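Contents: one structure, followed by commentary.
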Amino acid sequence: MADLNSRTPTGQELAVPTGPDSLNRLELEVAARAVTAVITAAVDVYWLADAVRYRQRFDDAVALLGPGSLTDWPADLGVPLDRVADPAYHLLTVARREAGRGRGAEALAALERSLAVLVHPDYAVAGPPFPPPRECAEHVRGADARYTEDLRATLVAVTGAAGPLPAGPAAAQEVLDEQ
């Protein structure tokens, strides 16, 4: 119950069932939360294909199932990068998800790929080798406020999961600090 209530809005916490009726209500609520997470994932997948700088809602929906539930879903929601309208921004979300799971190397790889995609969109599907770190970081200067805001949050999350940043993300942090 503590896990289920950890991300539940105040006043809407679930009570420990005391009998068959309250157990049925609890089971219905958990089922509704699971269905909401699945529907939210479908909505996110749809908008990832069409919208630039789309802020995914999946993490909030699935968090209502408890903190451990996020690890059961693919960090990229199973969407190939060539189907995403804004792979650089989507990769920031993937990096934060991986960092939240304690997977520092995967978080760092998604962050570095996001920075490379700023240089050229082909890096979303081509993968490494990426341009030199300083070149990737310089493209952060041309990014809009939504990307740079999420990049800041991602750098903090990745540093917490992976430790000190390597050259590319560290250079991007320097560019952000100058702005």
Side-chain angles (χ1 to χ4, degrees), residues 36-63 65 69-179:
T36 299
V38 171
I39 290 170
T40 303
V43 170
D44 279 355
V45 168
Y46 172 81
W47 284 109
L48 281 171
D50 279 346
V52 174
R53 302 296 190 256
Y54 174 70
R55 284 203 175 152
Q56 297 171 44
R57 298 346 190 249
F58 175 73
D59 299 272
D60 294 332
V62 80
L65 294 170
S69 59
L70 278 173
T71 59
D72 295 337
W73 299 83
D76 63 0
L77 297 183
V79 180
L81 286 175
D82 63 345
R83 305 280 175 121
V84 175
D86 189 354
Y89 191 74
H90 174 59
L91 285 162
L92 290 180
T93 303
V94 171
R96 285 191 308 277
R97 282 184 186 134
E98 294 288 20
R101 296 172 179 182
R103 297 174 54 176
E106 291 83 351
L108 194 53
L111 173 58
E112 289 177 328
R113 190 174 217 165
S114 174
L115 293 170
V117 170
L118 287 180
V119 176
H120 197 284
D122 284 351
Y123 285 111
V125 290
F130 297 134
R134 181 55 59 188
E135 182 181 345
C136 292
E138 286 303 316
H139 281 78
V140 170
R141 293 184 198 284
D144 62 74
R146 181 171 272 180
Y147 182 87
T148 57
E149 174 187 323
D150 278 22
L151 176 58
R152 286 179 199 279
T154 304
L155 287 165
V156 169
V158 170
T159 301
L165 296 170
Q173 181 68 61
E174 290 172 15
V175 169
L176 288 174
D177 291 345
E178 294 170 6
Q179 293 180 337

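Predicted model, so just to flag it, every value in this text is computed and none were measured.
- When each of Asp86, Leu91, Val84 is checked for a side chain to side chain contact (heavy atoms under 4.5 Å, CB included) with Val117, only Leu91 meets the rule.
- The shortest heavy-atom contact between Arg97 and Ala75 is NH1-O, 2.7 Å.
- For Ala107 against Ala99, the heavy-atom pair with the smallest separation is CB-N, 3.6 Å.
- In this structure, Leu108 and Leu165 approach most closely via the heavy-atom pair CD1-CD2, 4.4 Å.
- Residue Gln56 forms a side chain to side chain contact (heavy atoms under 4.5 Å, CB included) with just one option from Leu77, Val94, Thr40, Val43, and that option is Leu77.
- Counting all heavy atoms, side chain and backbone alike, Ala171 lies closest to Pro133 at CB-O, 4.3 Å.
- Arg141 CZ: more than 12 foreign heavy atoms inside a 6.0 Å radius.
- Here side-chain hydrogen bond (donor to acceptor under 3.5 Å, both in side chains) pairs that include residues 116-126, with residues two or more places apart or in two chains, number zero.
- Between Cys136 and Ala116 the shortest heavy-atom distance is SG-CA, 3.8 Å.
- A salt bridge is defined here as a Lys NZ or Arg NE, NH1 or NH2 lying under 4.0 Å from an Asp or Glu carboxylate O, and Arg96 with Asp150 meets this definition.
- Glu135 is linked by a side chain to side chain donor-acceptor pair (under 3.5 Å) to nothing, counting only residues two or more places apart in sequence or in another chain.
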Would you check, one step at a time, whether the test side chain to side chain contact (heavy atoms under 4.5 Å, CB included) holds for Leu118 with Glu138? CA-CA 9 Å; Leu118 287 180; Glu138 286 303 316; over 6 Å; no

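- The aromatic rings of Tyr147 and Tyr89 sit tilted, their planes meeting at an angle between 30° and 60°.
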